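Per chain, numbering begins at 1; letters A, B, ... match sequence-line order. Computed from a predicted model, the values in this text were never measured in an experiment.
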There are 4 protein chains.
Amino acid sequence: MTNNEPKLTKKQIAILEAATDLFAEKGYAGTSTSEIANKAEVAEGTIFKHFKSKKGLLLAVVSPMMVKWLAPMIKKDLNKVLDQEFEYIQDFIRAMIENRKEFIQKNLPMLKILVQEIPFHPDLKEKFIEYVGNDIFDKLREIVKYYQDKGQLADMKTDTIIRTVATSILSYIVARYVFLPEANWDDEEVETERIIQILESGIIQNK
Amino acid sequence: MTNNEPKLTKKQIAILEAATDLFAEKGYAGTSTSEIANKAEVAEGTIFKHFKSKKGLLLAVVSPMMVKWLAPMIKKDLNKVLDQEFEYIQDFIRAMIENRKEFIQKNLPMLKILVQEIPFHPDLKEKFIEYVGNDIFDKLREIVKYYQDKGQLADMKTDTIIRTVATSILSYIVARYVFLPEANWDDEEVETERIIQILESGIIQNK
Amino acid sequence: MTNNEPKLTKKQIAILEAATDLFAEKGYAGTSTSEIANKAEVAEGTIFKHFKSKKGLLLAVVSPMMVKWLAPMIKKDLNKVLDQEFEYIQDFIRAMIENRKEFIQKNLPMLKILVQEIPFHPDLKEKFIEYVGNDIFDKLREIVKYYQDKGQLADMKTDTIIRTVATSILSYIVARYVFLPEANWDDEEVETERIIQILESGIIQNK
Amino acid sequence: MTNNEPKLTKKQIAILEAATDLFAEKGYAGTSTSEIANKAEVAEGTIFKHFKSKKGLLLAVVSPMMVKWLAPMIKKDLNKVLDQEFEYIQDFIRAMIENRKEFIQKNLPMLKILVQEIPFHPDLKEKFIEYVGNDIFDKLREIVKYYQDKGQLADMKTDTIIRTVATSILSYIVARYVFLPEANWDDEEVETERIIQILESGIIQNK
DNA sequence: GATGAATGAGTCTTCATTCAT
DNA sequence: GATGAATGAAGACTCATTCAT
């Protein structure tokens, strides 16, 4: 967890970047390794030297996103919560969205790949669950509990609350960045506040 | 609704069903025409006799869903709205979800295909917009206006309201039926009410 | 040989005409039976009812040309020669070209097919030789002999003379109608005379 | 002439040779790429690695013939003409036939392919015209003019003379090597002299 | 006689993967 | 490590031919 980034060579980075772009644009099954080699300006064989198979390349593209994005997202913010840095849950949600904004935009293709390919790759799904399901979900439950105890969250089932918040956020991200990127959206801050406002008057007990 | 389905033969239906299942399961690009032929128990050539190309088959799978589901969904309910059958917007939303429930479950694979393939097929997107964007969106705007005038909807931008309601519903459908079908969900009625409740306290002005 | 044209039905004629056009335009191997059916406005099965196979259709297209064109060409003119109607060989050659002109132009596609497909179909070649080699060639030899005896033809080998005349005529036809139809050629009469003139001062002894 | 053949590998040569033989024997449309692969003893994929498509292979087979045969044929001999090496046009024609004899025999299949496929491939025709029509035709006109000025050629239209000589030569080549290779021809020298003799007494003014 | 749906072998082409250099 | 030529299985698609209606 400390230094798992084992010094990628220039070629490896080029391959990963090319693969990320192409997988996001045309899907995993719709992208050929020769296209990737071409875009990365390496020989086709080089890809297989570093990532044993095409599937291995997909995992290499998608894994760091799970490790670097989802895990830290919770770990960091959870600590802040417990350190009393977020008195109100609104602040926690806002932070979760705000802090990742940059990362989301930079890694949008990876996210797109993740969302699009998970249904077709059981092993991807497993890996995803391995990180999110068991590790993060537990911590999210702690957080929900924390705010429920503070009286800031409705007394619904924990999982329902998590689901509601998660889908509120994800639906916005998916809609804005994956399905309708060309629609004229409001500023991100405005949309963020709208999500919070909706959640606030909805499942969040004010007072 | 009367006779637009120009008598599909048994084989055509078998092909469409096999294609629908396989596209949903493994994605369009990940499914081979020989697999489809195999599952439909027809010769591979038969597929191409009826649907000029693999892409043509995809459109044949997905088009009726747009024509039969989305268009009627609005047309019928819009009339009911204007006929004063839905005094409260909650009833309208409930009806939209309730009425389609059966159709959604029956045509879930199609919906899954639509959601998953739209990003990769500009022509699919166009066809989708052709049905939803220009025809249906306009009518949705009318409905929103109608309830805004009645004071039942917040005074936000029309499009924002539509988006919020739509993503609330879609996020539930996608989460429940596409991404996490094996999670233990509450009864559909309960979830439906939850959506309405969230929307109610959120963007819907009570009183 | 008397009435071998066994009353062709309308559909049969349509098929033969469509096949002739398409074979000439795209070659035998490059034309599909469905294209032919399409152009002839009959069902694909109908083609096979009448002409057992695609190859059978080719033979049906090409055979009459050999029977109707080459055989009569000689028979008729040979008689005229022997009836003293052509005192000079020039008249005989001129007649051969003149008389067939209409037929050539009307049946150009068939001729094109014959020339183009003979190298690929041993049975076609055999059929051709059956008509030309054994039947016609013998009669041509008679004619050459006849004019050689009259002192109008050089004392070369009979076959060489036939070859020379034949290639002179054929090279003109092939060049004009098959390879370079769009070049600006002189009137047919002028070209005909040119062929004769060249043959005249070449292999034909004047006086 | 020095290094335009950019080092063909053994496999590429094997493919080109197999394709040349098969195209000549069965025609382009009548030959399958798997047959070619088989004969060349390479994998089918290898063909497409080197020649992007079947059509590309056809061009690769036929192009060098145009570049190496037709262009040099004229260029070399034209210079000799202008260098006064051929005082009489007979010598020029004889040289044209003689010098190429070896090449013709070695590349007969290619020539056969060229003749047979040009009618079906507009792009082949264009390429052919590009080399023969504009480059060589002009030079041929110069040569004709040259000998007309010397009084050795009849005062006909330049193009007619070229056509006559060309068809005289081509008809002989096509007849001897393409259509009737098994007929008992005289020695090549004898036939060559015959062509010249016919042309001589025909269009060539013997002072 | 005529149809056209159905077939499955065969076509051209692409692809992930390997391996000698 | 890096290459890219080579592979052959698999892909989408076409075709001549058959047969029940």
d([atom1], [X]; [atom2], [N]) in whole Å:
| X | N | atom1 | atom2 | answer |
| --- | --- | --- | --- | --- |
| B:Ile15 | E:dT7 | CD1 | P | 8 Å |
| D:Asn38 | E:dT11 | CG | C1' | 15 Å |
| B:Gln12 | E:dA5 | CD | P | 8 Å |
| C:Lys10 | E:dG1 | NZ | P | 17 Å |
| C:Glu41 | E:dG1 | CD | C1' | 18 Å |
| B:Phe23 | F:dA12 | CZ | C1' | 12 Å |
| D:Ile13 | F:dA5 | CD1 | C1' | 15 Å |
| D:Ile36 | F:dG8 | CD1 | P | 17 Å |

Looking at B:Tyr28, is B:Lys54 sitting on its ring face, NZ or CZ under 6.0 Å from the six-membered ring centre and within 45 degrees of the normal?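 Geometry flag: set, cation within 6.0 Å and 45°.
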Proximity to DNA chain F (any heavy atom under 4.0 Å), residues of residues 43-55 of chain D only: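 Heavy-atom cutoff 4.0 Å gives D:Ala43, D:Gly45, D:Thr46, D:Lys49, D:His50.
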Quick one: on DNA chain E, does D:Thr33 or A:Gly30 contact a more 5' nucleotide (nearest heavy atom)?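 By nearest-heavy-atom nucleotide position, the 5'-most residue is D:Thr33.
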State whether a side-chain donor-acceptor pair under 3.5 Å links A:Glu44 with A:Ser34.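 Not at all, the side chains of A:Glu44 and A:Ser34 share no donor-acceptor pair under 3.5 Å.
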For B:Lys127 and B:Ser63, which I'm curious about, is there any donor-acceptor pair between the side chains at under 3.5 Å?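 Short answer, yes.
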At their closest point, which heavy atom of C:Leu57 faces which heavy atom of C:Ala19, and how far apart are they?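 Of all heavy-atom pairs spanning C:Leu57 and C:Ala19, the closest is CD2-CB, 3.8 Å.
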Heavy-atom closest pair, residues D:Phe120 and C:Ala24: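 Heavy atoms only, the tightest pair is CE2-O, 3.8 Å.
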Starting from the 5' end of DNA chain F, give me the residue, A:Lys11 or C:Ser34, whose nearest nucleotide shows up first.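 So the residue in question is A:Lys11.
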Check whether [X] reaches the backbone of [Y] with its side chain - one donor and one acceptor, N or O, closer than 3.5 Å.
| X | Y | result |
| --- | --- | --- |
| C:Glu117 | C:Leu114 | no |
| B:Thr20 | B:Leu16 | yes |
| B:Thr31 | B:Lys26 | no |

Hey, where does DNA chain F pair up into stems, meaning at least three consecutive Watson-Crick or G-U pairs with distances under 3.5 Å?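 Listed by first number, the stems are E:2-21 with F:2-21.
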Once salt bridge (charged side-chain N to carboxylate O under 4.0 Å, His left out) is applied, do any residues pair with C:Glu25, and if so which ones, sequence neighbours excluded?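 Result, salt bridge (charged side-chain N to carboxylate O under 4.0 Å, His left out) vs C:Glu25: none returned.
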